[in-house]
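Report on the structure given below.
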Amino acid sequence: MPENATLIGSTTMTSLIGRIPVSGKVTGLNTGGLQVEMSGVRGFCPVSQIAAGFCADPSVYVGRTLEIVVTEVKEGRGGVVLSRRALLR
């Protein structure tokens with residue numbers, strides 16, 4: 001288990017290690033993708049990872065709860081990179 005596992009949280013680390021989907025609430029949008037919160041952990045889902053194909057309007061996801069997979073843990077920033085696309089394939 002990575003050294004920063006205690007910073008990220010057990011649910012998120014389990015998802016990262018086992019590729020188990022977790023639920024996350026989309027709390028905002030920026031130019032690169034969606035801001036997502038999962039059990040107090042912030043995450044980021046790039047636009048390219050929101051849908052199976054092209055996502056023309058990512059703002060429709062704001063406020064929704066999505067099933068997502070953790071793809072990367074950002075060292076030192078306490079956040080994670082997420083993918084919904086991995087589940088939709």
Side-chain angles (χ1 to χ4, degrees):
M1 188 174 282
E3 291 179 22
N4 62 350
T6 56
L7 298 175
I8 302 302
S10 62
T11 302
T12 304
M13 286 309 299
T14 300
S15 175
L16 175 66
I17 294 167
R19 299 286 185 206
I20 299 168
V22 294
S23 292
K25 180 160 182 155
V26 179
T27 58
L29 176 70
N30 61 35
T31 56
L34 302 174
Q35 299 166 358
V36 182
E37 181 156 331
M38 307 154 298
S39 303
V41 176
R42 351 176 240 129
F44 172 73
C45 184
V47 172
S48 65
Q49 297 300 309
I50 296 171
F54 178 72
C55 180
D57 185 11
S59 67
V60 300
Y61 293 98
V62 176
R64 290 179 52 189
T65 299
L66 304 175
E67 290 294 309
I68 47 183
V69 173
V70 175
T71 59
E72 181 182 352
V73 176
K74 290 289 192 181
E75 303 257 348
R77 296 180 65 185
V80 294
V81 179
L82 310 165
S83 174
R84 182 168 173 259
R85 182 180 193 161
L87 293 176
L88 299 175
R89 289 186 187 177

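Following chains of ILVMFWY side-chain contacts shorter than 4.5 Å, one can reach L29 starting from V26, so the two form part of one hydrophobic cluster.
Exactly one residue among L82, N30, V80, L34 makes a side-chain contact (heavy atoms from CB on, under 4.5 Å) with F44. That residue is N30.
For the pair V69 and P21, the tightest heavy-atom approach, listed with the atom from each and the gap, is CG2-CA, 4.3 Å. In terms of heavy-atom proximity, A52 sits nearest to R85 at O-NH2, 3.4 Å. The shortest heavy-atom contact between I50 and R84 is O-NH1, 2.9 Å. Nearest heavy atoms, A51 versus L88: CA-CD1, 3.9 Å. Listed here is the closest heavy atom pair of T31 and V47: O-CG2, 4.4 Å.
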#### Entry: T71/Q49 under side chain to side chain contact (heavy atoms under 4.5 Å, CB included): CA gap, chis, key distance, verdict
CA-CA 10 Å; T71 59; Q49 297 300 309; 5.7 Å; no
### Task
Run the numbers on L66 and V36 for side chain to side chain contact (heavy atoms under 4.5 Å, CB included), then give the verdict.
CA-CA 9 Å; L66 304 175; V36 182; 5.8 Å; no
### Message
Run the side chain to side chain contact (heavy atoms under 4.5 Å, CB included) test on M38 and S23 for me, step by step, so that the C-alpha distance in whole Å, both residues' side-chain angles and the decisive distance to 0.1 Å come before the verdict.
### Response
CA-CA 6 Å; M38 307 154 298; S23 292; over 6 Å; no
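Residue R64 holds its CZ atom at 11.5 Å from NZ of K25, rounded to the nearest 0.5 Å.
C45 places none of its side-chain heavy atoms less than 4.5 Å from the side chain of Y61.
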